[in-house]
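Data first, discussion second: the structure below is written as structure tokens.
Within every chain, numbering begins at 1; the chains are lettered A, B, ... in the order of the sequence lines, protein sequences first and strands thereafter.
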Amino acid sequence: MKYVDEFRDGNLAKTIAANIRREAAADKRYSFMEFCGGHTHAISRYGITDLLPANVRMIHGPGCPVCVLPIGRIDQAIKLAQERGVILCTYADTLRVPASGNLSLMRAKARGADVRMIYSPQDALKIARDHPACEVVFFAIGFETTTPPTALIIKQAGNEGINNFSVLCNHVVTPAAITHILQSPEVRQYGTVPLDGFIGPAHVSIVIGSLPYEHFAREYRKPVVIAGFEPLDVMQAILMLIRQVNGGRAEVENEYTRAVTREGNIKAQAQVSDVLELRRSFEWRGLGEVPYSALKLRPAYAQFDAEARYGIGYTQVADNKACECGAVLRGVKKPQDCKVFGTLCTPETPLGSCMVSSEGACAAHYSYGRLRETV
Amino acid sequence: MCLAIPARVEEFTTPGNAIVNIGGVRKEVSMALVDDAVVGDYVIVHVGYALQRIDEEEAELTLAAFAEMGELDNLHTELPGEAP
């Protein structure tokens, strides 16, 4: 497939790996966080860790929307499906996230709730159009990549006068989460999470551009390299980060120039800002309350806001005590540091959210890396 | 979740929609977020929406950068700055 195969070329990978080995100074340690779950997945799937010298370490970030969704938010969706009798539409990964009472949306469906997996928000609107007598709720999650389609569908529902449709909006924003990590005590005070730079998300940056990261380079002196999701993109970004560290630079560089510009997709940004606004605060699994880190519907679109429409409040629910997802999401622990990793918690029976989505750090390590260390 | 895939634009259908080819699979997607794509272009598709046109020249430059050996480092770091 064009724009995929050539970015997975093994010989080019060897060249980049050789450059990384040559340029990483033997007396230095490099710790880079890949913010986005797409990169976490690529690093595990293509064994990129094995191509890096021992002093270059990748730390998984919290950029997996399924992973950071707290139990209380899933509970809201389950409640709507079970108690209000709505048709609840959502993306596949969301269905299996463990919620309160040993439930998940999938299990709620098995018990009779009308929960439907969709590929596109357009599917949810179509279901609403096809079932005018039913209430249809789209349980929307995701970072900036996924937000513009949600905004468009809300506008479309308004234009078409589809009144049995609403959105349970759980969209989160990347820069607020990066700020939160940079200000966390593990990074600032204790140094338990050494951070020498970030790999910036690929498709999030298509929408928001490289501009929002300039703040992190300038104010926190952290290099950022935005990278595509193919393995060569990730490796080249690691090389570019090493070069920045070696050169004492802290800049925003863009490896993914074939799709990301400095300004991003302005049309998409405008659609989002027409329909959605920042919440004052939002709870993330692992990170806790993060100010101005998520979006809700603007008052003008209140009729499509499921939270307002059904009067459902948010109740905080603690994670399973054995689960280390919180520490994994903050980069403090690795998946294999968790006691239940691969035993009680597997992709088939996830206990924590990081084991659910293929881009969750635990699921990625379980699928591609767990046997590597024992060999 | 934020994964999106490259797809070739094959034909524009109803206003704002196009049939794209994703590795041999033809699918209708919304072009509401992308203004400048024409038939034959590649776009990045996510949850039924094209998000961006892929810049072919930039893709070639990136591939060329992968192949550069370390000896050219000084030159290399000068060249591929940020996109305009």
Q | Flag if over 12 foreign heavy atoms under 6.0 Å of NZ, A:Lys126 | A |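 Open: at most 12 neighbouring heavy atoms sit under 6.0 Å from NZ of A:Lys126.
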Q) Within the distance-only criterion (no hydrogens, no angle test), does the side chain of A:Asn265 pair as donor or acceptor with the backbone N or O of B:Val34 below 3.5 angstrom? A)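 No, the answer is negative, given that no donor and acceptor are paired below the 3.5 Å cut-off.
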(Q) Looking at B:Ala4, is its backbone amide N or carbonyl O close enough to the side chain of A:His203 to form a donor-acceptor pair, meaning the two atoms are under 3.5 Å apart? (A)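 Answer holds: yes.
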Contacting moiety of [X], where chain A heavy atoms sit under 4.5 Å:
X	answer
B:Glu56	both
B:Arg53	backbone
B:Ile44	side chain

State, to 0.1 Å, how close [X] and [Y] come at their nearest heavy-atom pair, and which atoms those are.
X	Y	answer
A:Gln122	B:Ser30	NE2-CB, 3.7 Å
A:Asp233	B:Thr62	OD1-CG2, 4.4 Å
A:Pro121	B:Val47	CD-O, 3.7 Å
B:Ala67	A:Thr15	O-CG2, 3.9 Å
A:Leu232	B:Phe66	CB-CE1, 3.5 Å

Between atom [atom1] of [X] and atom [atom2] of [Y], what is the distance when rounded to the nearest 0.5 Å?
X	Y	atom1	atom2	value
A:Ile266	B:Asp35	CD1	CG	11.0 Å
A:Thr145	B:Gln52	OG1	CD	12.0 Å
B:Glu28	A:Ser120	CD	OG	11.0 Å
B:Leu3	A:Ser357	CG	OG	8.5 Å
A:Thr146	B:Tyr49	OG1	OH	12.0 Å
A:Leu12	B:Leu63	CG	CG	7.0 Å

Tell me, side chain or backbone of [X] under 4.5 Å from chain B's heavy atoms, or both, or neither?
X	result
A:Tyr119	both
A:Ile20	neither
A:Glu144	neither
A:Glu6	both
A:Phe229	side chain
A:Asp9	neither

Between [options], which residue shows the highest count of heavy-atom pairs closer than 4.5 Å to chain B?
options	answer
A:Ser358, A:Gly38, A:Ala259	A:Ala259
A:His41, A:Lys267, A:Met1	A:Lys267
A:Thr94, A:Asp123, A:Leu152	A:Leu152

